[in-house]
Amino acid sequence: MTSDAIVVGAGVIGLTSAIVLAESGRRVAVWSRDPIGDTTSAVAGGLWWPYRVEPEEKVGAWSLRTLGVLAELAARPGETGVRMVDGTLAGTGLGDLGPWATEVPGLRPARHEELPEGWDHGLRARVPVVDMPTYLGYLRQRLEAAGGTVEQRAVATLAEAAREAPLVVNCTGLGARDLVPDAEVRPVQGQLVLVEAPGVDEWFVSADPGSADTLYVLPQPYGVILGGTAREDVWDPAPDPATAEAIVARCARVHPPLADARVIGHRVGLRPARSRVRLETDTAAGGVRLVHNYGHGGAGVTVAWGCAEEAAELVSSC
C-alpha cells in the first residue's frame, strides 16, 4: 500500500482533513469523483458563520477553531482567498446564539443607524469571507506541499479505497447518501446570483433557519454574491430564473442599486444536510476501517478545520 489513508471527497471538508493528516506525517491520497472546481464547496458563498448545522454542543468549538485558522490565513488574501470583512447579521440578537458567540472578537449588537430599514435589531462582526475557488486551490497546493496527492477517481464502494490503504476517511458529503449508504443525508438546495456591484464592501445576512428563502450579500474579489435559498430535498442543480429575480429583489432592500446591477453569473449548490454531522469511526463490510466526516450542511467552510482535527484524532485512535 502506498498510502496510510485515502480521503474520499475533495470539497473543503475532504481537503482540510487530508491536510491535517498529511502535515502530521501520514501519506495521504484524496480521491474525488469531481474536479475540485466542480464540488459543492466551489459554489459556496464563503461566509464564516455556524449556519444550519448540528450538534450545537460541538459546532461551537469546531467553528471557533476554524475561525482562528482562517483569521491567520487572512493575512495572505491573495494566496489563500480569505479576507476579514465587516458585516451585519440582521434579525438576530446575542441571546439567539450559543456560548461560542462570546469568543468571537468584536461581535456586538448593531446600533440602530447600522441597520437597513425594515430591521430593528441585529449583530455586527468582522469575520472571514472566503473566495472559494482561490481557497480550494490554496488547500490543494498546501496538501501537495505536505506530500499528499489528489486524484479524480469515482468509487462505487468505500471498500475500493480500502484495498489501497489501511484506513479510509469518508468526506463525500451528499454522496454519502448512496455510498455508505446513509438515507439521513439529504440536499438543501442553495441558489445564488453573482453581480457587479463595486460599491458593496460589507457582508449582510438575514436568514431564518426555518425558511426556504434567505437574504445575503457577500462581497468577493470577482463580484458580489447575492442569495439565496435553502430548499430541503430539492435535487435540481439548475438555476431558476424566477428565483434569481426574487433573490435580487430581496437584496435590493438592503442595497437599492443592486436592483440594476449587471448579472454576471448564476450558481446552484446542493448542501449536504443531516440532522447532525457524522464524525465518528466505523467498520464497514469486510472489516474496512472508516472515519466518517460528512453532513455539514451549509457550514462546511465554517467548521472544516475543527472537524478535520477531530477526524485526525479518530484516525490515530484507529
Side-chain angles (χ1 to χ4, degrees), residues 11-12 34-49 51-52 77-78 81-83 85-91 115-119 122 127-137 174 187-208 211-272 297-302:
V12 68
D34 302 312
I36 292 174
D38 291 341
T39 61
T40 298
S41 296
V43 299
L47 176 71
W48 178 95
W49 197 269
Y51 171 67
R52 295 176 73 115
V82 183
R83 296 166 297 125
V85 181
D86 293 313
T88 302
L89 178 65
L115 293 166
E117 184 178 351
W119 285 273
V127 298
V129 175
V130 182
D131 167 1
M132 292 305 297
T134 299
Y135 183 55
L136 292 171
L174 193 58
V188 175
Q189 185 210 56
Q191 180 168 332
L192 310 174
V193 181
L194 182 61
V195 302
E196 285 185 348
V200 178
D201 56 10
E202 290 197 353
W203 58 268
F204 180 91
V205 173
S206 178
D208 178 352
S211 174
D213 294 322
T214 59
L215 192 170
Y216 49 92
V217 179
L218 307 175
Q220 293 284 9
Y222 49 82
V224 178
I225 294 175
L226 309 182
T229 63
R231 297 180 175 171
E232 298 181 0
D233 301 309
V234 175
W235 288 90
D236 189 357
D240 175 68
T243 299
E245 290 181 9
I247 288 171
V248 173
R250 286 199 297 274
C251 294
R253 293 174 54 198
V254 181
H255 296 286
L258 290 174
D260 300 314
R262 188 172 80 89
V263 175
I264 56 179
H266 298 271
R267 299 176 177 177
V268 173
L270 304 181
R271 304 177 183 98
V301 71
T302 300

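What you are looking at is a predicted structure, and each value in this text was computed from that prediction instead of being measured. Below, all heavy atoms of this structure are taken into account, side chains as well, without hydrogens, waters or symmetry copies.
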Requested in this report: Take Val301 and Ser41 through the side chain to side chain contact (heavy atoms under 4.5 Å, CB included) test and state the conclusion after the steps.
Outcome: CA-CA 8 Å; Val301 71; Ser41 296; over 6 Å; no
Requested in this report: Begin with the C-alpha distance, continue with both residues' side-chain angles, and end with the deciding distance and a verdict on side chain to side chain contact (heavy atoms under 4.5 Å, CB included) for Val12 and Tyr135.
Outcome: CA-CA 9 Å; Val12 68; Tyr135 183 55; 3.8 Å; yes
**Report entry** 4.5 Å side-chain heavy-atom contact, Val195 and Ile264
**Finding:** no
Query raised in the report: Is there a side-chain contact between Leu258 and Leu226 (heavy atoms, below 4.5 Å)?
Result: yes
Query raised in the report: Quick one: does Thr243's side chain get under 4.5 Å of Thr229's, heavy atoms only?
Result: yes
Requested in this report: Please check if the side chain of Arg250 supplies one atom and the backbone of Thr214 the other of a donor-acceptor pair under 3.5 Å.
Outcome: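 Such a contact is found between Arg250 side chain and Thr214 backbone.
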Requested in this report: Could you pull out the closest heavy-atom pair between Val85 and Pro219, with the gap in Å?
Outcome: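 Reported closest heavy-atom pair: CG1-CG, 4.4 Å.
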Query raised in the report: How are the rings of Phe204 and Trp119 set relative to one another: parallel (under 30°), tilted (30 to 60°) or perpendicular (over 60°)?
Result: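 Phe204 and Trp119: perpendicular rings.
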Query raised in the report: Looking only at heavy atoms, what is the nearest atom pair of Gln220 and Val129, with distance?
Result: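 Taking Gln220 first and Val129 second, the nearest heavy atoms are NE2-CG1, 3.7 Å.
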Report task. Measure the shortest side-chain to side-chain distance between Thr88 and Leu115 over non-hydrogen atoms and say whether it is less than 4.5 angstrom. Result -> yes
Query raised in the report: Between Pro133 and Tyr222, what is the shortest heavy-atom contact and its length?
Result: CD-OH, 4.5 Å
Query raised in the report: When rounded to the nearest 0.5 angstrom, what distance separates CZ in Arg267 from CG in Leu194?
Result: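 If I round to the nearest 0.5 Å, the distance is 5.5 Å.
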Report task. List the steps, then state whether side chain to side chain contact (heavy atoms under 4.5 Å, CB included) holds for Glu202 with Val217. Result -> CA-CA 8 Å; Glu202 290 197 353; Val217 179; over 6 Å; no
Requested in this report: Considering non-hydrogen atoms only, spot the tightest contact between Ala42 and Gly37 and give its length.
Outcome: CB-O, 3.3 Å
Report task. Check whether any side-chain heavy atom of Val224 lies under 4.5 Å from a side-chain heavy atom of Leu218, and answer yes or no. Result -> no
Query raised in the report: Distance-only, no hydrogens or angles: does the Gln189 side chain make a donor-acceptor pair with backbone N or O of Pro237 under 3.5 Å?
Result: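 Between the backbone of Pro237 and the side chain of Gln189 there is no qualifying donor-acceptor contact (under 3.5 Å).
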Report task. Taking all heavy atoms of Asp236 and all of Val268, pick out the closest pair and write down the distance. Result -> O-CG1, 3.7 Å
Query raised in the report: Is there a side-chain contact between Val254 and Pro116, using heavy atoms and a 4.5 Å cut-off?
Result: yes
Query raised in the report: Would you say the side chain of Trp203 lies within less than 4.5 Å of the side chain of Leu89, judging by non-hydrogen atoms?
Result: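 They are in side-chain contact.
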Query - Ion pair check, Arg271 and Glu232, cut-off under 4.0 Å - result: no
Requested in this report: May I ask you to check whether Gln191 and Arg231 show a side-chain donor-acceptor distance below 3.5 Å?
Outcome: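 Looking only at side-chain atoms, Arg231 and Gln191 do not form any donor-acceptor pair under 3.5 Å.
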Query raised in the report: Is any side-chain heavy atom of Met132 closer than 4.5 Å to a side-chain heavy atom of Val43?
Result: no
Query raised in the report: Within the side chain of Thr40, is there an N or O that forms a donor-acceptor pair under 3.5 Å with the backbone of Gly269?
Result: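 No.
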Query raised in the report: Do Thr134 and Asp131 have side-chain atoms, one donor and one acceptor, less than 3.5 Å apart?
Result: yes
Query raised in the report: Hey, what do you get for CG (Leu47) to OG1 (Thr302), rounding to the nearest 0.5 Å?
Result: 7.0 Å
Query raised in the report: Under the 3.5 angstrom rule, does the side chain of Thr39 hit a backbone N or O of Ile36 as a donor-acceptor pair?
Result: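 Flag set: sc Thr39 to bb Ile36 pair under 3.5 Å.
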Query raised in the report: What are the two closest heavy atoms between Tyr51 and Ala299, and how far apart are they?
Result: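 Of all heavy-atom pairs spanning Tyr51 and Ala299, the closest is O-CB, 3.6 Å.
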